[in-house]
Colleague: 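Structure in structure tokens, see below.
Index from 1, following the sequence.
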Amino acid sequence: MLFEMRYREAIASGAVTLTFRRWRRRQVVAGHRYRTAAGRIEVEAVDVVEPSSITDTQARRAGAGSAAALVADLRGPDDLPLYRIRFHAVAEPDPRDELAASADLSADEVADLDRQLDRLDAASSSGPWTAEILALIAARPAVRAGDLADSVGREMAPFKLDVRKLKARGLTISLEKGYRLSPRGERYLQLTTRRPPL
């Protein structure tokens, strides 16, 4: 679920606890946690509502000035269902961040990462990519994702999806612009025998 960065403080403080989305189908589940640009959240409830049922109070809890302003700002065709999502910020540390910060890798952990990345390479229709992308991010931190993708002849959307697979394993960190290797990723590259294709 996408949130603009401008909502980060309001979500963290509890001032924003609702959002309204026009979706063809439900995209979040009550009780599940999600990572967003504005921080991690846990969804409490998801309901289909009519735009006319939105009150000014609800609109303010969604970060809008009024119900009319919120409805006017909704994206998507009017004939799509309108979902009201109630959520709260998750204050505890993100396990993925803790994993990324752990640079003390044993030989068994390196071997396990090797196997995981080998499986990602084997599943790719365009051939091995993990070692190349890790080396690229190491050499060009904080470079726009589009520029990185262009430099290796990739489309940006699949490239970013692949980087997220590396991030899920604690190897990369997303920046305001581009990426960098995490401490775990840096240490992994020092220890692994896997190398990018020449």
Side-chain angles (χ1 to χ4, degrees), residues 1-8 11 19 21-29 31-43 46 75-76 80 83 85 87 89-90 93-103 105 109-189 192 194-198:
M1 189 159 56
L2 300 177
F3 281 99
E4 296 176 25
M5 283 292 293
R6 64 191 174 100
Y7 290 109
R8 177 183 286 274
I11 289 173
T19 189
R21 306 294 170 97
R22 283 193 174 117
W23 290 330
R24 293 194 184 280
R25 57 181 176 78
R26 189 180 305 252
Q27 296 186 22
V28 296
V29 177
H32 287 211
R33 292 182 174 185
Y34 299 89
R35 295 179 179 92
T36 78
R40 294 173 70 222
I41 62 168
E42 181 172 328
V43 172
V46 185
R75 297 179 183 176
L80 290 182
Y83 290 87
I85 301 100
F87 62 89
V90 176
D94 187 335
R96 194 169 60 174
D97 292 340
E98 294 181 324
L99 181 65
S102 62
L105 289 172
E109 288 172 312
V110 172
D112 183 53
L113 281 169
D114 285 343
R115 286 189 293 272
Q116 290 183 48
L117 300 190
D118 285 342
R119 285 195 295 271
L120 290 176
D121 286 339
S124 172
S125 60
S126 57
W129 59 270
T130 57
E132 178 184 41
I133 299 306
L134 283 171
L136 179 65
I137 292 172
R140 302 182 67 192
V143 172
R144 286 181 60 253
D147 293 336
L148 291 176
D150 287 345
S151 73
V152 290
R154 299 277 309 272
E155 293 184 10
M156 185 169 72
F159 176 87
K160 291 176 75 172
L161 180 60
D162 282 345
V163 175
R164 282 200 292 274
K165 294 172 185 175
L166 299 174
K167 184 175 182 179
R169 288 157 177 82
L171 299 174
T172 65
I173 294 172
S174 297
L175 305 174
E176 193 73 26
K177 180 178 73 174
Y179 316 96
R180 69 173 174 83
L181 292 185
S182 67
R184 181 181 180 84
E186 291 173 352
R187 185 61 176 153
Y188 172 68
L189 284 192
T192 184
R194 299 173 77 256
R195 292 291 178 259
L198 298 176

Colleague: Looking at K165 and D162, does any basic side-chain N land under 4.0 Å from a carboxylate oxygen?
Modeller: yes
Colleague: Working to the nearest 0.5 Å, report the span between CG of D121 and OG1 of T130.
Modeller: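 These two atoms lie 3.5 Å from each other.
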Colleague: Which heavy atom in S151 sits nearest to a heavy atom in L148, and how many Å separate them?
Modeller: OG-O, 2.6 Å
Colleague: Specify the closest pair of heavy atoms between L99 and A168, including all atoms of both residues, with the distance to one decimal.
Modeller: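 Between these two residues, the closest heavy atoms are CD2-O, 4.1 Å.
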Colleague: Does D147 pair with R140 as a salt bridge, N-O distance under 4.0 Å?
Modeller: no
Colleague: What is the distance from atom CZ of F87 to atom CZ of R40, rounded to the nearest 0.5 Å?
Modeller: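 So the gap between those two atoms works out to 14.5 Å.
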Colleague: If I take atom CD1 from residue I137 and atom CG from residue L171, how far apart are they, to the nearest 0.5 angstrom?
Modeller: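 Output value for this atom pair is 9.5 Å.
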Colleague: Listing request: all side chain to side chain donor-acceptor pair (under 3.5 Å) pairs with a residue in residues 170-183, at least two apart in sequence or in separate chains.
Modeller: K167-S174
Colleague: What heavy-atom pair brings I173 and A100 nearest, and what distance separates the two atoms?
Modeller: CG1-CB, 4.5 Å
Colleague: Would you compute the distance between atom CD of E109 and atom CD of Q116 and round it to the nearest 0.5 angstrom?
Modeller: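 Spacing of CD (E109) from CD (Q116) equals 10.5 Å.
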Colleague: As an exercise, state the distance from OG1 of T192 to CG of L113, rounded to the nearest 0.5 Å.
Modeller: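 So the gap between those two atoms works out to 8.5 Å.
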Colleague: To the nearest 0.5 Å, tell me how far W129 CH2 sits from L166 CG.
Modeller: 4.0 Å
Colleague: What's the shortest heavy-atom distance between Y188 and R194, and which atoms?
Modeller: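 What the structure gives for the nearest pair is OH-CD, 3.2 Å.
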Colleague: Using only atom types and a distance under 3.5 Å, with no angle test, would you say the side chain of R187 pairs donor to acceptor with the backbone of L105?
Modeller: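 Not a single qualifying donor-acceptor pair exists.
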Colleague: Does the structure place the NZ or CZ of R21 under 6.0 Å from the centre of the six-membered ring of F3, at an angle of no more than 45° from the ring's axis?
Modeller: yes
